[in-house]
Each structure stands twice: as structure tokens, then as C-alpha cells.
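A short worksheet on the structure shown next.
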Amino acid sequence: MIALYLGLALLLVWSCQGFFAPTGYRTISYSQFKAHLARGEVERCSVGETRVRGQIVPGLGADGMGLRPETLPAEPEAGPEGLGPFAFQAVRVEDPDLVRELLQAGVEFDGIQPTLIGPMLLTWLLPIGMIVLFWIWMSRRLGSASGNLMGFGKSPARLAADLETQVTFDDLAGCDEAKIELAEVVDFLKNPDRYRALGAKIPKGVLLVGPPGTGKTLMARAVAGEAQVPFFSLSGSEFVEMFVGVGAARVRDLFNQAKRQAPCIIFIDELDAVGRQRGVHIVAGNDEREQTLNQLLVEMDGFEANAGVILLSATNRPELLDRALLRPGRFDRQVVLDAPDLRGRKAILQVHVRGKPLADDVDLEKIALETPGFSGADLANVLNEAALLTARVGAKQISQDLLEEAVEKVIAGPERKSRRLSDDDKRRVAYHEVGHALVAAHSEHADPVHKISIVPRGRAALGYTLQLPTGDQVLQSQSELLDRIRGLLGGRASEELIFGEVSTGAKDDLQRATMLAREMVSVYGMGESAGLMGCAEPEPLYAPATGSRKLDCSNETAREIDIEVKQLLAGAYADARRILEAHRTDLDTVASELLRKETLREAEFRHLIGQDASGGTGSAPEPSS
Ligand code: ADP
Ligand code: MG
Ligand code: ZN
């Protein structure tokens, strides 16, 4: 942008110069001018501040009027026009003797009145003009960034009375209870009089809670779409800005707007950004958030229950919210949107395949079975990935194979065919993965092995073993957890057994096994050292687990827990090794088959180890790499 203005200015300067420099002069060098002068060929000239202009008549001084011939410099190169008289101009150089020489040669000469307009334009008007232009440009940039200087406190809430997208309850699936709860709100917004006549109070605030990607935001938009009322949507972080006091002003403005438009919905997404417990974290900027929260509390009390304004809000960290927000009269109704179960997943898949051409072999039930723990957003992602993969292979319809490929891509990352492993590494990876699979297959409570692969995927996995639970499971027993740990350690046990040495490949497995063992001892009361004492800090309810949890116990207990965890892991490892030693031939056959085919499916694997279908349960699919 600046470059553009500079360019314009330069253009202006050039055109000015062109304008002020009259045409018709032949430009010669100063030395040529002096040579002509010495030969007496200069008829007349005018000497300006920067230029000498005049008329040259070649051959004029041949009559001896000029200087002595021996001092004559060489004949200057003749101009293209040959010897005719011509008007010249030359750039003037510092030459104190010029006047004397001109007098001597008898040239008729005068000065040039310097023009004032040109230099003035260049030195004064142009810079000022550029500064003005720059100023206008800057203020425009700033203006679009932060709105009018006077409008800071105005809420940027988007008013979407008829949502362009027209989301309805039909676009959500697998959350029927939530829909029933919210249908009441929709009904109230449509026929408030019926509820008023009965003296029924509709909650002022409804809080949608649940893990990320379960459709909270979508649900709020669907409520607005169903009720067809004005919908003010704002995210929590938009309240908290650089300037102190803006958040509170925004809350006030938002509620004023809403009250004028009742009945209507106010939706505050990611409420935890403003609604965190007060006085817990003492950091800069806290004041501002507290003020905003206080204003929100005040405003929520400030309107009547049946005024027709309903506040919807969404968060995945309800445990962080200030108590005052959750008391009756404010957000007194909580609607939970949890990760969908098998039926829910199938229904969500059916919502998202609308408008996508499916091949006849597609079995959404099977896909739903393969995706325990997936949220609605994950499932939407699977279908989108499948569509992209289909486009990549140039097919017209999404096939079951590509759908399953998409599921694996979402779980473990994209295939990395270009990652070439040496034959040694490949053999090691194969034995490692088969180790996982075999230990799992010979543990009573482990999830059945769904797939073994040595195609590298994602960032780290060189290969992976995918185990899938047979149904939705909420509780896990002690033996299931133990079998899980054993399966995780199977990879390393196999490497040690076959190669007599371990590699770095088991890093993730060890981490995961340790985390599980730690939880068994310190959270679930399944160990001796902590007994029934739950001594790990609580985890966030709906946010993903971070892995390491702070212990809340004495140092002695912590040490004992460490020792017990170590023993537990060692015991599981010994078990895993024993299983593999007992099935050494299976280990070799399956590994060589895996090296040949790169992936083995459940049926092939079972056939190779001579097992027939057997039951087993577990939770979310986690590939062990
Ligand atoms: P959240 O706000 O809970 O994090 P979103 O509402 O933004 O999640 O959901 C993200 C996307 O996931 C939605 O746009 C939708 O495509 C899909 N999705 C999530 N839950 C569902 C559901 N229950 N039914 C259909 N689609 C869903
Ligand atoms: Mg959201
Ligand atoms: Zn592994």
C-alpha cells in the first residue's frame, strides 16, 4: 500500500519534470558545450541555476573570432543532424570562469529566472500530500480493526434472527434427552402465554455441558432455528478485551439489546472464558474478567423469569465455573451432551451422509461399531475424510473400504507410505506389533484385535495394533485394566524375546502402561500402598485427560505408590513374556505373514493362531504402536 503511494508520488515528480522541461533541445554534455564555446560556435545562451541552454551554429567561429587554433580541443562528435544550427541544453557544472569565457567569445547571454512553482510543489506540497494520504490510510486500517473509536463498549454480538444456515433439531442426532429438554424452551419461546397462564416458570438460563465436539454449539443454533426468534450469539472470550471495563459494558449492552427484542435467545459460547471462579487465579487481567462476570450475574438477576429472554450457554469445563452462575435463578438447568453411544453414532453418521453418494456395500452400523469414544465432530470428520479419499482415487461413490480407511486415519493419522524402513527395522516392528496382538489374544479380558499393521501412520507410529471393544462400556474391572497393561507391554516383551535386546519403539507403550498402573493404585483404590485412598487430584470432567496428575498425599505414600506401580508393571511384563514364550511358533508365523502382507485383519489373525470368535470388552480404541 505504501509502495503504491510512493510509486504515485514518483510518477508525479517525473511528469512534473517532463512538463517543465521544454522539448526541442538537444542535450549535450558540458564539455561539448565548452568545446563549442571555445570554437566560437555558440550564438547565444542563457545560464540557469542548473542548466545552460542556447543556440549552437556549427562553423560560426571559423572566421577566427574565437580562441587560438592550437588550444582548440578536438572536434566534438557531430550530432545526428550533422552541421545545421540547433538548440542545446547542458547540465551546468561549477565553472567560475564561464562568464569570462562567454564575454570573451562575445556570446549573447543572460540568466534564467528560476521557476518557483516546480520546486515548491516538490519540496512542500508533495510531502504534505503524502502524509495526508498516509494518515487517511492508517485511520481507515485502525477503523476497520476496532470499530469506531466511540463504540468500544458496544457488544459485537451477531444478531442472527433467521439463521442463514437454518439448523434444526434434525441436524443433530444421538442426543435425544437434550432435545427433549430444549424442546420445552423452544415451545416457551413460541407460545409464552400458555406457560404464563399456568404459572409455570421457564428457566432463565440453560447450560450445555459436554466434551468438545459433541454438538453444543450446533445445539444452540438448532434451538434458535427451531424457535425462529432473534438469536444473539457471542463467545465468552469476546467479552474480555484489552481495555478494562469493556467486558462489563458489553454485557450491559447485550442484555439491553436483547430485552428490546424479546422473546429472544442470548447464546454465550465457551462460558468458562468469563465464568471462571472468582478469586482463584491471581493474575493480571483477572479484574477485568471478574467485573465482566459480576455484570453478567447482575444482568441475569435483572430480568423477570418470563420476560422472554433465554440465556443459552456452552462449556466443556463446568467444574471451573463460578458457583454463583450455577445457582437457581441463573443457569439452573444443565443439559449434558455426552459422547454418543453406538446407536447415537449410527444416527449421527446417518445425518452426515446426507448428500453424499454411498456405494451399496456401505454398512454404517459397522462403522459405528468401529468408532467407540468418537464425538459427533469426529464422526463428521470421518465422513468428510472418506469423501476426500474417494475424490482422490477418482471414484464416484464412497465405499466401505474408504470409510474404514478414514476411520483409521482419524484414529492414527494418515498413512505414510513414503517412510521407508530398513528390513531389520521392519522385522522388529512386525514382531513388536504381533507381540501386542498375541498377548491381547491370550488375555481373557482384553479387547479383541481388530487389525495389525506395519504401515507407518501419523507422526510417530511405525506400526499399530488396533483393538476394538465389542460394545459400549462405561466401567472397567481390575482384571480388564491389568490385561490392558499386559497387552501394552507385549510389544516390548516380544522384541526382547526375539532380538535379545529392546529398542526405543516401546516408548509410548510404556508411558501409557505406567499411566494406567498409576491410576489403578492412586485413583481406583486397586493397590496396597494407597489403600482406598484416592490421592490424585480430580481430572477435568469433559476435557481430555492430561496424563500426569498431581498426587495429594504424603511423600512416604508417594514413594510406596511408585514402588507398587513398578512392581505391577514388572509383573504384567513377566506375564506378557510368558504368554509369548508359550506361543513362540504363533509369534513367528504371524510376524512373517504380517511382513508379507503389511496388514492383517481380525479374521486372518484369528485363523493364523487357530482361535475362533470369542468375546471381550473395553473402551475407546487406542492403537498400541
Ligand atoms: P462443541 O461446540 O460441542 O465443541 P460443535 O457443536 O461445534 O461441538 O460440533 C462440531 C461439529 O460436529 C458440528 O458442526 C457437527 O457437524 C458435528 N456434530 C457434533 N455433534 C453432533 C451431533 N450430535 N449430531 C450431528 N452432528 C454433530
Ligand atoms: Mg463449541
Ligand atoms: Zn507398541
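Ligands are counted one by one from 1 in listed order, and the atoms in each one are counted from 1 as well.
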Atoms of type N, O or S from the protein that sit nearer than 2.8 Å to the Mg ion (ligand 2) number exactly 1
Any N or O on L218 sitting closer than 3.5 Å to an N or O of ligand 1? yes
Nearest non-hydrogen contact to atom 21 (C) of ligand 1 from the set G376, A339, G344 belongs to G376
Contact region, I348 to ligand 1, non-hydrogen atoms below 4.0 Å, reads side chain
heavy-atom search around atom 12 (O) of ligand 1 in the protein gives A377 CA, 3.1 Å
- Expected output: side-chain K179 to main-chain F169 donor-acceptor under 3.5 Å: yes
Query raised in the report: Can you find a non-hydrogen atom of A314 under 4.0 Å from ligand 1?
Result: no
Short version for H352: what comes under 4.0 Å of ligand 1, heavy atoms counted, is side chain
Note: ligand 1 atoms sitting under 4.0 Å from heavy atoms of G215 are 1 (P), 3 (O), 5 (P), 6 (O), 8 (O), 9 (O), 19 (C), 20 (N)
Original post:
When you measure from the side chain of E415 to the backbone N and O of V455, does any donor-acceptor pair fall under 3.5 Å?
Top reply: no
Check: of G174, A173, A222, min heavy-atom distance to atom 24 (N) of ligand 1 comes from A173
Residues at least two apart in sequence or cross-chain that pass side-chain hydrogen bond (donor to acceptor under 3.5 Å, both in side chains) with S399, listed by chain then number, are none
Open item on the list: Test salt bridge (Lys or Arg N to Asp or Glu O under 4.0 Å) on R250 and D253; report intermediate values, then the result.
Closed with: CA-CA 5 Å; R250 283 204 174 145; D253 181 63; over 6 Å; no
The residue among L358, I367, V353 that forms side chain to side chain contact (heavy atoms under 4.5 Å, CB included) with L383 is V353
Those residues at least two apart in sequence (or on a different chain) that pass salt bridge (Lys or Arg N to Asp or Glu O under 4.0 Å) with D332 are none
P212 heavy atoms within 4.0 Å reach ligand 1 at atoms 4 (O)
Nearest non-hydrogen protein atom to atom 4 (O) of ligand 1, with distance, is G213 N, 2.8 Å
May I ask you to decide whether R427 forms a salt bridge with D423, counting only side-chain N to carboxylate O separations under 4.0 Å? no
Quick one: does NZ or CZ of R428 land under 6.0 Å from the six-membered ring centre of F499, within 45 degrees of the ring axis? yes
Sorted by chain and number, sequence neighbours left out, side chain to side chain contact (heavy atoms under 4.5 Å, CB included) with A517 holds for I485, V565, L568, L569
For atom 2 (O) of ligand 1, the closest protein heavy atom turns out to be T217 OG1, 2.7 Å
The answer for which part of L379 has a heavy atom under 4.0 Å from ligand 1 is neither
Set out, in order, the CA-CA distance, both residues' side-chain angles and the distance that settles salt bridge (Lys or Arg N to Asp or Glu O under 4.0 Å) for E581 and R577, then state yes or no. CA-CA 6 Å; E581 274 163 8; R577 219 184 129 135; 3.1 Å; yes
Side-chain donor-acceptor contact under 3.5 Å, D378 with S375
yes
Only residue of E370, E602, E408 satisfying salt bridge (charged side-chain N to carboxylate O under 4.0 Å, His left out) with K451 is E408
